[in-house]
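Structure, as structure tokens:
Letters A, B, ... mirror the listed sequences (proteins, then strands); counts begin at 1. Owing to the predicted nature of the structure, the values given are computational and were not obtained by experimental measurement.
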Amino acid sequence: MNLPYYSSFSPSPGLAFLSLEDAFEVLAESSEFREMEGPCLAFRRAASVLKSLPWAVQSLGATRDLPCLGEHTKAVMEEVLQCGRSFEVEKILSDERYQTLKLFTSVFGVGPKTAEKWYRRGLRSFTDVLADRGIHLNRMQQSGFLHYGDITRAVSKAEARSLRNVIDEAVRAVSPAATLALTGGFRRGKEFGHDVDFIVTTPEPGREKSLLPNVINGLKKQGILLFCEYQASTFDTAKLPSYRFEAMDHFAKCFLILRLEASQVEGGLHCAEGDGRGWRAVRVDLVSPPMDRFAFALLGWTGSRQFERDLRRFARVTQRMILDNHGLYDKTKAASAHFQCIGQSGEPFELRAEPESGVRRIGAADRQGRHPVTAVSRQALPGGQ
DNA sequence: AGGCCTACG
DNA sequence: CGTA
DNA sequence: GCCT
């Protein structure tokens with residue numbers, strides 16, 4: 001069986017052989033910390049290929065026709081398959097620099113560069129960082145440390161459902177006709193996530209501009225807004241109606257940290273042993289596209305990250321199209337410097353690979369393996385649900 | 001030899 | 001630089 | 001590091 005190069009298109013129950021997958025994730029992370037972006041991506045793809053398989057790899061021969069697995073990754077696999085461990089991976093895991101950078105980058109707002117900076121200063125623990133007078137934490141990092149325990153703890157499906165109610169109430173107070181959709185990992189059928197993503201849109205044109213700020217204000221008045229970074233949309237039809245592509249930048253969105261009350265969660269909070277607070281902090285993302293862009297936003301925000309990468313590269317290289325969260329553009333039908341946008345005026349768009357390309361149209365759940373659903377169709381559009 | 005998703009704050 |  |  002031949003898998004397409006764009007590996008995360010494949011079905012993927014992916015329960016077994018976590019150790020192989022984890023081995024590549026460690027190698028990817030290590031590459032990232034050493035600023036080797038190429039190898040990092042290659043190991044991520046290798047991990048993604050393994051995750052996408054519906055069976056457990058038990059011999060090297062079974063990986064013969066798989067993409068993204070080359071000399072190095074196969075050598076690691078042979079080691080793991082034979083003795084259940086890899087010398088290279090264990091060396092990385094025992095490395096002080098790797099351990100420290102892994103710890104630092106687990107903080108919301110701290111990436112590889114900042115982690116590296118702190119490491120070079122000789123800092124090795126959170127205590128070291130917080131005690132260093134020479135370190136200025138930005139707003140995001142302050143929140144990251146303040147809510148570290150809560151933010152790094154998984155969010156349950158029950159907590160996501162409860163948050164849906166909280167957001168829905170705040171949205172409905174602003175625009176009763178608005179549509180709210182749960183996206184991200186929970187839309188892919190996951191039981192746990194690290195945050196909760198929503199798309200909110202209103203049928204009243206132009207209203208989406210004030211929608212999010214008003215929702216944020218509502219949450220603030222409730223006293224449950226712990227962190228908020230709001231990004232206004234740069235979309236402006238009045239300015240450049242004919243230059244759609246360049247005018248299209250980004251939808252309004254916000255990264256939030258919300259206070260979730262235990263009393264509002266069916267079955268209680270997913271919290272630490274002996275936590276008597278009765279609430280926890282949760283990362284929440286809201287994105288608010290104009291209604292005619294709902295489907296593209298949903299496609300872009302349903303993920304996973306590797307799936308989005310593969311899908312966009314596939315659109316560009318194989319289909320000669322450009323895909324982003326706003327639309328799909330046909331490069332071969334470009335008028336001067338601009339592209340024609342596909343799938344406007346409400347008809348469902350399809351980025352459907354033909355059978356000979358070895359790729360099929362799939363649903364959100366297929367992006368990590370569960371029941372089949374139609375990913376992008378009329379049913380996914382507001383009013384169709 | 002050159003690319004690796006794309007776009008924001 | 002960081003977020004998704 | 002893997003692919004084109």
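- Put simply, CZ on A:F255 is 7 Å from C1' on B:dC8, counting in whole angstrom units.
- Between the side chain of A:E88 and the main chain of A:V76, no donor-acceptor pair closer than 3.5 Å is present.
- Rounded to a whole Å, the CD1 atom of A:I257 is 12 Å from the C1' atom of C:dT3.
- Whole-Å rounding puts the A:L212 CG to C:dA4 C1' distance at 14 Å.
- Across B:dT6 and D:dC2, the matching P atoms stand 23 Å from one another, rounded to whole Å.
- Counting only distance, with no hydrogens or angles, the side chain of A:Q141 and the backbone of A:G109 share a donor-acceptor pair below 3.5 Å.
- Geometric assessment of A:R44 against the ring of A:F24 yields a negative cation-pi assignment under the 6.0 Å and 45° thresholds.
- Atom CD in A:Q231 sits roughly 14 Å away from atom C1' in C:dC1 (whole-Å rounding).
- For A:T73, counting side-chain heavy atoms from C-beta on, the closest listed nucleotide (C:dT3, B:dG9, D:dG1) is D:dG1.
- At the phosphate of C:dA4, OP1 or OP2 sits under 4.0 Å from a side-chain N or O atom of A:R283.
- Rounded to the nearest Å, the gap between the C1' atom of B:dC5 and that of C:dT3 is 15 Å.
- Residue-level contact check: A:Y230 touches neither bases nor backbone, having no heavy atom under 4.0 Å from any strand.
- Listed by first and then second residue, the salt bridge (Lys or Arg N to Asp or Glu O under 4.0 Å) pairs involving residues 264-275 of chain A are A:D275-A:R277 (not counting sequence neighbours).
- In this structure, the nucleotide among B:dC4, B:dG9, C:dT3 sitting nearest to the side chain of A:E229 is B:dG9.
- By the side chain to side chain donor-acceptor pair (under 3.5 Å) test, A:E78 is found to be paired with no residue, residues two or more places apart in sequence or in another chain being considered.
- Of all nucleotides listed (D:dG1, B:dC4, C:dA4), B:dC4 comes nearest to the side chain of A:L41.
- No engagement by A:R139 is indicated, since no non-hydrogen atom pair under 4.0 Å with the nucleic acid exists.
- Residues from residues 86-118 of chain A that place a heavy atom under 4.0 Å from any atom of DNA chain C, listed by number: A:F108, A:G109, A:V110, A:G111, A:P112, A:K113, A:T114.
- Computed from coordinates, the A:K253 NZ to C:dG2 C1' distance equals 11 Å when rounded to whole Å.
- By the 6.0 Å contact criterion, NZ on A:K102 is open, its count of non-hydrogen atoms from other residues, nucleotides or ligands being 12 or less.
- The CD-P distance, from A:E32 to C:dG2, rounds to 10 Å in whole Å.
- In this structure, the CD atom of A:E37 is 15 Å from the C1' atom of B:dT6, given to the nearest Å.
- In this structure, A:Q222 and A:R259 have side chains that are not in contact, with every pair of non-hydrogen atoms separated by 4.5 Å or more.
- For the pair A:F145 CZ and C:dG2 P, the computed distance is 13 Å after rounding to whole Å.
- Using a 4.0 Å heavy-atom criterion, one finds that A:E71 contacts the sugar-phosphate atoms exclusively.
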